[in-house]
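Below: the structure, in structure tokens.
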Amino acid sequence: MNYRTHTCGQLRREHVGQTVFLQGWVHRVRDLGGVTFFDVRDRHGLTQVVVRAGADGASAAKLRPEVVVAVHGYVEARDASVVNSKISTGDIEVVATGVEILNEAKTPPFPINEDVAVLEETRLRFRYLDLRRPALQRNLILRHKVAIAARRYFDEEGFLEIETPILTRSTPEGARDYLVPSRVHRGEFFALPQSPQIFKQILMIAGLDRYFQICRCFRDEDLRADRQPEFTQIDVEVSFATEELIYEIVEGATRSMWTAAGFDVALPFERITYADAMRLYGSDKPDLRPGMPIADVSGLFAESPFTVFRDAVTSAGVVRGFVVAGGGKYSRKELDDLTEQVRQMGGSGLIWTRVIQGALQSSALKAAGEAPLRQAFDAAGGQEGDLLLMAAGPSDKMATLLGNLRLIVARKAGLLKPDEFRFVWVTNFPLFEWNPDDARWDSMHHPFTSPMPDDVAYLESEPGRVRARAYDLAVNGSEIAGGSIRIHRPDVQRHVFRLLGISDEQASARFGFFLEALEYGTPPHGGIAFGLDRIIAILCGESSIREVMAFPKTAQAVDLMSGAPSTVDDRQLRDLHIQTVASPGTKGD
RNA sequence: GGGGUCGUAGUUCAGUUGGUUAGAACGCUGGCCUGUCACGCCAGAGGUCGCGAGUUCGAGUCUCGUCGGCCCCGCCA
């Protein structure tokens, strides 16, 4: 035998009597003197090995955690009194006839053989050891299963997986590009793709019909728990598509991924317009699990003696709030804490109102009077024992503020169950959003998004009124996919470029090849891209995508294991015609 | 770029108003132990309190700066 006969999670009672050869890492050693037990571990599980006096090979003394061993032996049934029901191989043990140390191991900087919390900095520096622990292995295994399920689904639906370039052309819109200097062309640069957007549209022009790709994308922006500089999308594009066709395809793909992770998904998904999502939930990726829609009660306070509310309404702002079921029992301290959080989010304050045994209590009872507060409480759907939380100010600001407060309260109340999935399509996004810094309109999605046919008339007169044929898929407050029906007519595309402040000359310079391609018979098409890292994090119950990536970077975009990024030889810089202006370790300006 | 938070033994943590030689558990090293499975028992080693200034008779503790991890805002078509 020169390779292992079984994995460490494989042996059962039925193997009793067989001669086996296992290899793996020493998990834990129990040296009783005359007999030594140890567990040998690989990613499949643990198997107990018994080393009795007289076994060949390494002495028990050399067995330490994380040493790599090869075990020759035979499978023996465990006596009923010593069965270990905690491990899958607990009915048996392997009696060693020989144990060979294949490789020594230093004492690890943190325990591999128990699930203890370790500083993330240490985990990232020794990522290979962290990855040896079951928690990350579970996540990566699930990631593999979900990715395979997605591939199988798209294959069965007639999609072709086609690779697109990593070395591409920089386009100034959107996120900052990662640049790669060209050695051959002095002073010129490739950009790493923020997404394969233009390439996949060109594949539609080419007649490939249905494309998908599990692809890496790169954006040089600041990091978050759910944002890394390189991340993975499941990129999809469909010719002759309508919104309904995309929804159908995406819902099927989503179900196949959730099923691979062991969850059921009911189809079709709910839908909400962007305007309603912002109004009712204060978010363009609403978490529908807790209910608690936000109500607008501005009309009740237009002439209120309570100046905070009245002033908000008369200056084109709003008074909005939501009901916390059973929140009437919140203590004064809890209410003060919530008010403080509202202030930290930039709100002027928080007004609470509750009804206890029919009596209305409110922090604005004297200032606003009981009648309008009672009307507001009823209008928001409050019942006996409930709590109404209200804030006043500009509409946009109140939407996001109350949206965030709603999630804080919902989390506090335990209403965000991690294994309850509420999918929702967010539709009817605006095509443009006003950019006050540059005093112009920007694409909300991207400049290739088609306007709604009914709104084309407003492209010139009221760009802010034009809705896009764009859609996002959200689940539990996370955006997990986003896409659109694209512009397939070159004249419309040029028109949109012009509205975005991109002249025909600039458009030709940057996107000339694409505009030209559009003129050679472009089918109507549309698509979407899933954020695979976020999906896996949700399915694993992890709050950061770092926990579902093998080698993530820190918030400062550094790989603590490899030390990237790093300085390079002068020779390399010379080849690339690059001169640096800041010395290593100093911050540029 | 801004705000918050954390940094003490290999790991997880404790450390009083600023006061003697900085502790615990686990891990590690040595010894004992023939049915353990978080084995047990005995003994031992292990610290630039992130780093640098400052205040003070005296700093893990207070101040300032700095480095790093994490979270958030900006940013992310």
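Chain letters run A, B, ... following the sequence lines, proteins first, then strands; residues in each count from 1. Just so you know, these numbers use all the heavy atoms, side chains as well, and skip hydrogens, waters and symmetry mates. Bear in mind that the values here come from a model prediction, so they are computed numbers and not experimental data.
- Figure legend. B:A45 is base-paired to no nucleotide; pairs are counted as Watson-Crick or G-U wobble with both atom distances under 3.5 Å.
- A distance of about 25 Å separates the C1' atoms of B:U5 and B:G10, rounded to the whole Å.
- Remark: ring of A:F37 stacked against base of B:U36; centroid gap under 5.5 Å, plane tilt under 30°.
- The partner of B:C37 is absent, by the rule that a Watson-Crick or G-U pair needs both atom distances under 3.5 Å.
- Distances shown here put every side-chain N or O of A:R123 at or beyond 4.0 Å from the OP1 or OP2 atom of B:U11.
- As rounded to the nearest Å, B:G23 and B:G15 have C1' atoms that lie 7 Å from one another.
- Nucleotides B:A45 and B:C26 place their C1' atoms 16 Å apart, quoted to the nearest Å.
- To the nearest whole angstrom, the two P atoms, one in B:A25 and one in B:U36, are 25 Å apart.
- A distance-only check finds a donor-acceptor pair linking the side chain of A:R64 to the backbone of A:A105 [under 3.5 Å].
- Applying the 4.0 Å criterion to OP1 and OP2 of B:G69, one finds that A:T554 has a side-chain N or O inside that range.
- For A:K106, no side-chain nitrogen or oxygen approaches OP1 or OP2 of B:C28 to under 4.0 Å.
- Within 4.0 Å (heavy atoms only), A:P109 reaches sugar-phosphate atoms of the nucleic acid but no base atom.
- Searching all strands for a Watson-Crick or G-U wobble partner of B:G60 with both distances below 3.5 Å returns nothing.
- The C1' atoms of B:U61 and B:G19 are separated by 11 Å, rounded to the nearest whole Å.
- Nucleotide B:A22 is matched to nothing when pairs are restricted to Watson-Crick or G-U wobble geometry with both distances under 3.5 angstrom.
- In this structure B:U5 sits in a base pair with B:G69, meeting the Watson-Crick or G-U test at under 3.5 Å.
- Within the 3.5 Å criterion, the main-chain N or O of A:Q194 finds a donor-acceptor partner in the side chain of A:R219.
- Across B:U56 and B:G47, the matching C1' atoms stand 24 Å from one another, rounded to whole Å.
- Phosphate proximity of B:U29 to A:R64: present, with a side-chain N or O under 4.0 Å from OP1 or OP2.
- OP1 or OP2 of B:C39 lies within a sub-4.0 Å distance of a side-chain N or O belonging to A:R28.
- The separation of B:C28 from B:U63, taken at their C1' atoms, amounts to 39 Å, rounded to a whole angstrom.
- Between the side chains of A:Q213 and A:Y211, at least one donor N or O sits under 3.5 Å from an acceptor N or O.
- For A:R30, a side-chain nitrogen or oxygen approaches OP1 or OP2 of B:C39 to under 4.0 Å.
- Taking the C1' atom of each, B:A14 and B:A53 are spaced 28 Å apart, rounded to whole Å.
- Between B:C71 and A:R546, a contact under 4.0 Å exists linking OP1 or OP2 to a side-chain N or O.
- Formation of a donor-acceptor pair under 3.5 Å by the A:R467 side chain with backbone atoms of A:M452 is not found in this model.
- With respect to A:F38, the side-chain contact (heavy atoms from CB on, under 4.5 Å) criterion is satisfied by exactly one of A:T47, A:V67, A:V49: A:V49.
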